[in-house]
Amino acid sequence: MRHYETMFIVKPTLVEEEIKAKIDFFKDIITKNGGNIVTCLDMGMRNLAYEIKKSKRGYYFVIYFQAEPSLVLELERLYRINEDILRFIVIKYESKKEQKAWQTLVDRANKKPEVKVQKIETKAEETVQ
């Protein structure tokens, strides 16, 4: 299995349940086609660098996964025919150096909430002293 990262931007006009349904749809495509989702990164609503299809904002979501190359073709096909996806990208990590970078990104995505908690605890300790 190869290592991949995919990021897609969902239209901001959708309600929260619809955005969650789109995200779950793409997660299901990966798992049902033999892929293994290692972690996800919900980046939330952000401003776009430029206007796309009259939208200035979009909901960003990243999935780190391992899969066979045939899955990527199906994933890209589904991104293209889905009108609620503004943009998407699939990145393949081939060499050992790239796979190490992929693992670093996965670790960073998994540890992100803990870092915030540690910073808050550190600030609380500083204010107490």
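Numbers here simply count residues along the sequence, with the first being 1.
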Subject >> side chain to side chain donor-acceptor pair (under 3.5 Å) partner of Tyr93, chosen from Gln66, His3, Glu5 >> reply: Glu5
Original post:
Is there a side-chain contact between Leu71 and Ile30, using heavy atoms and a 4.5 Å cut-off?
Top reply: yes
Subject >> Pairwise side-chain contact, Arg57 with Arg46, heavy-atom cut-off 4.5 Å (strictly under) >> reply: no
Original post:
Hey, are the side chains of Lys53 and Leu86 touching, using non-hydrogen atoms and a 4.5 Å cut-off?
Top reply: yes
Original post:
If you group Ile, Leu, Val, Met, Phe, Trp and Tyr by side-chain heavy-atom gaps below 4.5 Å, do Ile85 and Met7 land in one group?
Top reply: no
Original post:
Side chain of Glu18, backbone of Leu14: donor and acceptor closer than 3.5 Å?
Top reply: no
Original post:
With a 4.5 Å limit on heavy-atom distance, are the side chains of Trp102 and Lys100 in contact?
Top reply: no
Subject >> Salt-bridge present (Arg77, Glu74; N to O < 4.0 Å) >> reply: yes
Original post:
Do other residues, nucleotides or ligands put more than 12 heavy atoms under 6.0 Å from the NZ atom of Lys32?
Top reply: no
Subject >> Side-chain heavy atoms of Leu41 within contact of Met43, under 4.5 Å >> reply: yes
Original post:
Is any side-chain heavy atom of Leu78 less than 4.5 Å from a side-chain heavy atom of Asn82?
Top reply: no
Original post:
Thr6 and Tyr79: side-chain donor and acceptor closer than 3.5 Å?
Top reply: yes
Original post:
If two hydrophobic side chains count as joined below 4.5 Å and joins carry through other members, does Phe26 share a cluster with Leu73?
Top reply: no
Original post:
Given Phe61 and Cys40, is the side chain to side chain contact (heavy atoms under 4.5 Å, CB included) satisfied, shown in steps?
Top reply: CA-CA 8 Å; Phe61 198 82; Cys40 298; 3.6 Å; yes
Original post:
Is the shortest heavy-atom distance from the side chain of Ile63 to the side chain of Phe8 under 4.5 Å?
Top reply: yes
Original post:
More than 12 foreign heavy atoms under 6.0 Å from CD of Glu83: is that the case here?
Top reply: no
**OP:** State, with a plain yes or no, whether a side-chain heavy atom of Tyr50 is found less than 4.5 Å away from one of Ile52.
**Re:** yes
Subject >> Exercise: do Tyr59 and Asp42 side chains pair donor with acceptor under 3.5 Å >> reply: yes
